[in-house]
2 protein chains.
Amino acid sequence: MQAHIYTYRYIMTREDIKDYFNVAISVSMVIFAFDGEKLRILIQRRDEDPFNGAWQLPSRFVRPNESLELNAKMLLEETIPMTETIDSYSEQLNAFGKVYRNPLGRVVNVGFYCIVKMTDEDRRMAEQKGMMWAAYTEIPDLAFDHNEIIDYAKQRLKRRFKRRPVGFSLLPKEFTLTQLQILYEGALNKKFDKRNFRKKVFNSALLIDLDKTIETSYGKVSKLYRFDEDKYEKMSLKGYDFLF
Amino acid sequence: MQAHIYTYRYIMTREDIKDYFNVAISVSMVIFAFDGEKLRILIQRRDEDPFNGAWQLPSRFVRPNESLELNAKMLLEETIPMTETIDSYSEQLNAFGKVYRNPLGRVVNVGFYCIVKMTDEDRRMAEQKGMMWAAYTEIPDLAFDHNEIIDYAKQRLKRRFKRRPVGFSLLPKEFTLTQLQILYEGALNKKFDKRNFRKKVFNSALLIDLDKTIETSYGKVSKLYRFDEDKYEKMSLKGYDFLF
DNA sequence: TTAATATGTGTCAAAAATACACATTTTAGT
DNA sequence: ACTAAAATGTGTATTTTTGACACATATTAA
């Protein structure tokens, strides 16, 4: 607080730089979730100008006393309050700073993305609150440059999938290998051979066999697995690359 | 221009958001170069408060009519005017937005890094202008959070080295395989077996044998190679991963 | 002429990636 | 009760990639 007052006075006495302090910062969040079939991204209807009524990414101006990360965290919590976001994966993407990207004035947007476990409650809530879980491959036209931000997020997610076990943040704690494979195929836009996929996953030795099965809609029951986070932590300390 | 006047008046009438437009954006640039032995990063002495006299990354406030990328480009050109920066590799790192990172007020810094071919002229110029090419592994304490930005840039460079042939942007157009290996060893902080290194490089089939040699200070003459950019362009279109 | 320093080259073994097919279990429909 | 459809789950052979490893040759400095 003290520091803020101090800096405010300081700026007032520095005529040479005063004109730079007239930009706004906003944060946008690309929230990825997986419904068992498809990867999805949460978008919402704007209810004010500019672009009133258009779809957009959940976004928020940065207040003077909030760091970017704190702002992103608050944005996430107010957008999907029902979801456990504490252990979700979140990361900054990039600053998007085209001069006229926002007609209100100079707004530099800092994009974030995160990966959450979607709950049924979230899906119901979403529709009530003017939000939509849009399919990864069918994102409509969005306000501002938000389509560009999503494209960037998709690329980043793809890279992360190849090197880090982020996929598990999208699945329920207990999952089947088929779910895992569908997820990877969706994220990397590529088909895998079932036997080779499983071989690779088992070789990583990061799955715990739960000795439990779950009924699928049709066909045999599936075995359930869990991701061994502790083991991964230990391995990743010495620069370990995950799959693919 | 028209748009700028429009947005200015618009903001004036929106009391609810006016308070957000009081942040400054700065751009910092981590400039990597290679002197044949070591990777180096360009730093400069500050000549004004705050942190007067301290080392910092080349930095610049963003003016209202400049995009982040344009600003970064101008920063690079005014910092090392003698270097050909047109074909150098440049990329945004991240936005650094801690609340009190700059005592002047709320300044969000957008970090960039770039990779240039160092010329002898640059090295001489640098010292005259209060700049220093600091060794990659021995960066002194810098103003603001610039050490943090450099750490981030080093990580990013390491990742890029593994997947993209960015190394060639650091070497002269014609280089020896020993130079290439020293560079990779420095960037990845890892030793390679000479025969295996060469095997891998040749397998990529992206080097053109120039049928020329160059005298080294001691020992046999070395063969010179050039990087085949056209061929790489074609290969990278279909998601090609470089070496290591 | 000798010692020091640098370049440049091939083989073998292990590990990883890839291609490929069928038996089993369960449900839905008749 | 039977059949068709849909899903799970499993092994082997081949190719490719990685990694370990040693010495002859050219050049310069002393």
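Protein chains get the first letters and strands the later ones, always in sequence-line order, with residue 1 at the start of each.
For the segment residues 170-188 of chain B, residues with any heavy atom less than 4.0 angstrom from an atom of DNA chain C are, sorted by number, Thr178(B). Listed by residue number, Tyr218(B), Gly219(B) are the residues of residues 211-219 of chain B with a heavy-atom contact under 4.0 Å to DNA chain C.
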Can you pull every protein N or O that's under 3.5 Å from an N or O on nucleotides 15-20 of chain D?
from: dG19(D); atom 1: O6; to: Lys199(B); atom 2: NZ; distance (Å): 2.6
from: dA20(D); atom 1: N7; to: Asn196(B); atom 2: ND2; distance (Å): 2.9
from: dA20(D); atom 1: N6; to: Asn196(B); atom 2: OD1; distance (Å): 3.1

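Sorted by first and then second residue, the pairs that involve residues 136-154 of chain B and meet side chain to side chain donor-acceptor pair (under 3.5 Å), not counting sequence neighbours, are Asn94(B)-Tyr152(B), Lys98(B)-Glu148(B), Arg101(B)-Asp145(B). The salt bridge (charged side-chain N to carboxylate O under 4.0 Å, His left out) pairs that include a residue from residues 187-206 of chain A are Glu185(A)-Lys191(A), where partners are two or more places apart or lie in different chains.
Taking the ring-ring contact (aromatic ring centres under 6.0 Å, His included) definition, one finds that Phe192(A) meets it with Phe197(A), Phe244(A), sequence neighbours left out. Here Arg226(A) pairs with nothing under the side-chain hydrogen bond (donor to acceptor under 3.5 Å, both in side chains) rule; sequence neighbours left out. In this structure, Glu69(A) has no side-chain hydrogen bond (donor to acceptor under 3.5 Å, both in side chains) partners at least two apart in sequence or on a different chain. Every residue two or more places apart in sequence or in another chain that forms a ring-ring contact (aromatic ring centres under 6.0 Å, His included) with Phe175(A) is listed here: Phe168(A).
Summary for the helix from dT1(C)-dA30(D) to dT30(C)-dA1(D): the axes at its two ends, each from 5 pairs, differ by 10° when rounded to the nearest 10 degrees.
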Name every donor-acceptor pair, under 3.5 Å, that has one atom in a side chain of residues 31-41 of chain A and the other anywhere in the protein, sequence neighbours excluded.
from: Asp35(A); atom 1: OD1; to: Glu37(A); atom 2: N; distance (Å): 2.8
from: Asp35(A); atom 1: OD1; to: Lys38(A); atom 2: N; distance (Å): 2.7
from: Asp35(A); atom 1: OD2; to: Arg40(A); atom 2: NE; distance (Å): 2.7
from: Asp35(A); atom 1: OD2; to: Arg40(A); atom 2: NH2; distance (Å): 3.4
from: Arg40(A); atom 1: NH1; to: Trp133(A); atom 2: O; distance (Å): 3.0

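Taking the 5' to 3' direction, DNA chain C first and last meets chain A under 4.0 angstrom from a heavy atom at dA17(C) to dA28(C).
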